Asker: 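Okay, handing you the structure first.
Excluded from the calculations below are hydrogen atoms, water molecules and symmetry mates; all remaining heavy atoms, backbone and side chain alike, are included. The first residue in the sequence is number 1, and the count goes up from there. The structure displayed is predicted, hence computed values, not measured ones.
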Amino acid sequence: MPQHVLILGGTTEARELAAALAARPDVRVTTSLAGRVSRPGALAGEVRVGGFGGADGLADWLRAEQVDALVDATHPFAEAITANAARAAAATGVPAVVLRRPGWRPGPEDRWHMVASLSAAADALPRFGPRVFLTTGRMGLSAFAHLTDRHFVVRSVEPPEPPLPPHTEVLLGRGPFTVDDETALLREYLVDVVVTKDSGGAATAAKLTAARGLGVPVVVVRRPSLPEGARVVSDVAGALGWLDPGRP
């Protein structure tokens with residue numbers, strides 16, 4: 001029987017891992033997507049869309065589908081899914097690993113302000129100018145909806161759902177973005193402050209370089225903590241090595 005690997009996906013790393021595993025005849029790979037994006041890109045191997053029904057539902061699925069290994073390659077801020085995956089793996093005895101790209105690190109010329117949550121980011125905004133480039137995704141924008149004296153430029157892959165801040169312009173776009181494009185955007189919209197999550201990776205990091213070059217401050221939401229005892233790898237090569245340490 002092929003080894004059955006379940007990938008909890010939604011990231012570039014999940015897509016790359018699925019492609020690498022699908023090319024192997026000794027592996028059956030299934031990628032699970034939460035379904036929050038209506039048009040996800042093509043994925044190698046089997047794909048399922050939608051939730052499992054919490055940790056218990058995921059545990060039942062692991063047993064029913066005879067999963068041999070679980071790779072949590074969700075977004076660094078998918079805290080609930082990561083917690084459910086850890087509980088389901090513990091309940092079933094299925095080996096599990098978290099594939100999490102490294103977070104961003106500020107340089108000496110960056111004007112970063114680290115905060116613990118989206119609500120804390122909203123609380124910090126009165127310290128800056130009124131024009132905000134908000135790049136935290138379309139989920140959780142309600143944390144900023146009460147700020148009636150700010151003008152928000154919101155970028156997301158798909159249109160955000162209300163409640164939104166009353167003064168909001170929406171830009172639809174998917175990374176990667178170039179530094180030149182991000183610099184032009186910050187200038188065009190007269191941005192006083194950028195708000196982002198510490199997603200890590202190169203696809204959306206250009207805004208940080210652009211902000212540094214223009215001297216624009218950045219409010220960065222820290223990542224949530226991983227479940228206690230979680231095994232973590234930082235890239236696809238690490239996940240492949242964990243799945244099959246003896247394979248070259």
Side-chain angles (χ1 to χ4, degrees), residues 8-15 33-34 36-37 40 72-85 98-107 110-125 127-128 131-147 150 152-161 163-165 168-177 179 181-182 185-186 189 191-212 216-227 230 232 234-235:
L8 303 181
T11 60
T12 300
E13 291 82 5
R15 187 179 307 278
L33 302 175
R36 290 174 178 166
V37 177
D72 174 5
T74 56
H75 191 276
F77 284 81
E79 186 176 8
I81 298 175
T82 293
N84 286 340
V98 179
L99 170 52
R100 193 70 86 239
R101 70 180 75 118
W104 292 317
R105 294 291 180 266
D110 286 308
R111 299 173 58 195
W112 288 14
H113 303 264
M114 305 299 297
V115 296
S117 64
L118 289 176
S119 60
D123 291 342
L125 289 183
R127 299 160 50 188
F128 308 101
R131 300 186 64 83
V132 183
F133 183 33
L134 187 55
T135 66
T136 56
R138 66 191 181 97
M139 310 295 289
L141 298 184
S142 60
F144 303 89
H146 64 288
L147 296 175
R150 309 281 107 176
F152 289 88
V153 177
V154 173
R155 182 166 67 198
S156 65
V157 175
E158 296 191 350
E161 298 179 358
L164 303 175
T168 298
E169 295 181 68
V170 176
L171 306 178
L172 298 182
R174 185 194 299 268
F177 304 101
V179 174
D181 287 344
E182 298 290 64
L185 185 152
L186 295 180
Y189 289 93
V191 170
D192 295 307
V193 59
V194 176
V195 180
T196 189
K197 293 177 177 178
D198 180 16
S199 300
T204 59
K207 64 192 170 205
L208 302 174
T209 305
R212 181 192 310 133
V216 174
V218 182
V219 177
V220 181
V221 181
R222 295 187 186 92
R223 295 178 175 190
S225 299
L226 289 170
V232 184
S234 62
D235 55 23

Asker: Looking only at non-hydrogen atoms, find the nearest pair between A83 and P227 and report the distance.
Answerer: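 Looking at all heavy atoms of both residues, the shortest contact is CA-CG, 4.2 Å.
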Asker: If the condition is side chain to side chain contact (heavy atoms under 4.5 Å, CB included), which residues does A205 pass it with, not counting sequence neighbours?
Answerer: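 Partners of A205 by the side chain to side chain contact (heavy atoms under 4.5 Å, CB included) criterion, ordered by chain and then number, come out as W104.
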Asker: Quick one: closest heavy-atom pair of A85 and L8, and the distance?
Answerer: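 A85 and L8 have their closest heavy atoms at CB-CD1, 3.6 Å.
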Asker: Using the side-chain contact (heavy atoms from CB on, under 4.5 Å) rule, pick out the option among V216, V154, L185 that qualifies with F133.
Answerer: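 Exactly one candidate clears the test, L185.
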Asker: Can you tell if the side chain of T82 reaches within under 4.5 Å of the side chain of R100, non-hydrogen atoms only?
Answerer: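 Yes, close enough: below the 4.5 Å cut-off.
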Asker: Rounded to the nearest 0.5 Å, how far apart are CG of L186 and CZ of R131?
Answerer: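 L186 atom CG to R131 atom CZ measures 11.5 Å (nearest 0.5 Å).
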Asker: Can you find a pair of side-chain heavy atoms, one from T135 and one from T204, that are under 4.5 Å apart?
Answerer: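 No - every pair of side-chain heavy atoms lies 4.5 Å or more apart.
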Asker: Can you sort out the partners of N84 under side-chain hydrogen bond (donor to acceptor under 3.5 Å, both in side chains), two or more places apart, ordered by chain and number?
Answerer: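 Per chain and number, N84 pairs via side-chain hydrogen bond (donor to acceptor under 3.5 Å, both in side chains) with R87.
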Asker: Identify, with sequence neighbours excluded, every residue that meets side-chain hydrogen bond (donor to acceptor under 3.5 Å, both in side chains) alongside S119.
Answerer: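 Scan of S119 (side-chain hydrogen bond (donor to acceptor under 3.5 Å, both in side chains), adjacent residues dropped) gives S117.
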Asker: I want to check something: taking the side chain as every heavy atom from C-beta on, are V221 and M114 in contact at a cut-off of under 4.5 Å?
Answerer: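 No. Closest side-chain heavy atoms not under 4.5 Å.
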Asker: Do you know which of L118, L164, V170, T168 makes side-chain contact (heavy atoms from CB on, under 4.5 Å) with L141?
Answerer: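 Between L141 and the candidates, side-chain contact (heavy atoms from CB on, under 4.5 Å) is satisfied uniquely by L164.
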Asker: Quick one, Y189 and E169 - any side-chain contact, counting heavy atoms below 4.5 Å?
Answerer: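 Yes, at least one pair of side-chain atoms sits under 4.5 Å.
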Asker: Looking only at heavy atoms, which two atoms of A211 and V194 are closest? And how far apart?
Answerer: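 Smallest heavy-atom distance, with atoms named: CB-CG2, 4.5 Å.
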Asker: Not counting sequence neighbours, which residues clear side chain to side chain contact (heavy atoms under 4.5 Å, CB included) with P102? List them please.
Answerer: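 Residues passing side chain to side chain contact (heavy atoms under 4.5 Å, CB included) with P102: S234.
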Asker: So which heavy atom on A210 is nearest to which on V179, and how close?
Answerer: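 Closest approach of A210 to V179: CB-O, 4.1 Å.
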Asker: Is any side-chain heavy atom of V132 closer than 4.5 Å to one of V219?
Answerer: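 Not in contact.
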Asker: Ignoring hydrogens, what is the shortest heavy-atom contact between T11 and A73? Give both atom names and the distance.
Answerer: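 The answer is OG1-O, 2.7 Å.
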Asker: Kindly give the heavy-atom pair with the smallest separation between R101 and G201, and that separation in Å.
Answerer: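 Smallest interatomic distance, heavy atoms only, reads CD-N, 3.3 Å.
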Asker: Quick check: do D110 and V218 have side-chain heavy atoms less than 4.5 Å from each other?
Answerer: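 Heavy-atom side-chain distance check fails, nothing below 4.5 Å.
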Asker: Going by the rule side-chain hydrogen bond (donor to acceptor under 3.5 Å, both in side chains), which residues pair with D235 if we only count those two or more places apart in sequence or in a different chain?
Answerer: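 D235: no side-chain hydrogen bond (donor to acceptor under 3.5 Å, both in side chains) contacts found.
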Asker: Would you call F152 and V195 a side-chain contact if the rule is heavy atoms closer than 4.5 Å?
Answerer: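 With C-beta onward as the side chain, the pair stays apart.
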Asker: Taking atom CD of E79 and atom CG of L226, what is their separation to the nearest 0.5 Å?
Answerer: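 If I round to the nearest 0.5 Å, the distance is 9.5 Å.
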Asker: Quick one: NE2 on H75 to CD on E13, what's the gap to the nearest 0.5 Å?
Answerer: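 Here the interatomic distance stands at 10.0 Å.
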Asker: Is there a donor-acceptor pair under 3.5 Å between the side chain of R223 and the backbone N or O of S199?
Answerer: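 Confirmed, R223 side chain pairs with S199 backbone.
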Asker: So, is the end of the R155 side chain (NZ or CZ) under 6.0 Å from the ring centre of F177 and within 45° of the ring's axis?
Answerer: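 Yes, a cation-pi geometry.
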Asker: Passes side-chain contact (heavy atoms from CB on, under 4.5 Å), F77 versus M139? Steps please.
Answerer: CA-CA 11 Å; F77 284 81; M139 310 295 289; over 6 Å; no
Asker: Any chance you could measure L208, atom CG, to R105, atom CZ, to the nearest 0.5 Å?
Answerer: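 That separation rounds to 12.5 Å.
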Asker: For D198, check side-chain hydrogen bond (donor to acceptor under 3.5 Å, both in side chains) against everything at least two apart and list the hits.
Answerer: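 Here no residue qualifies.
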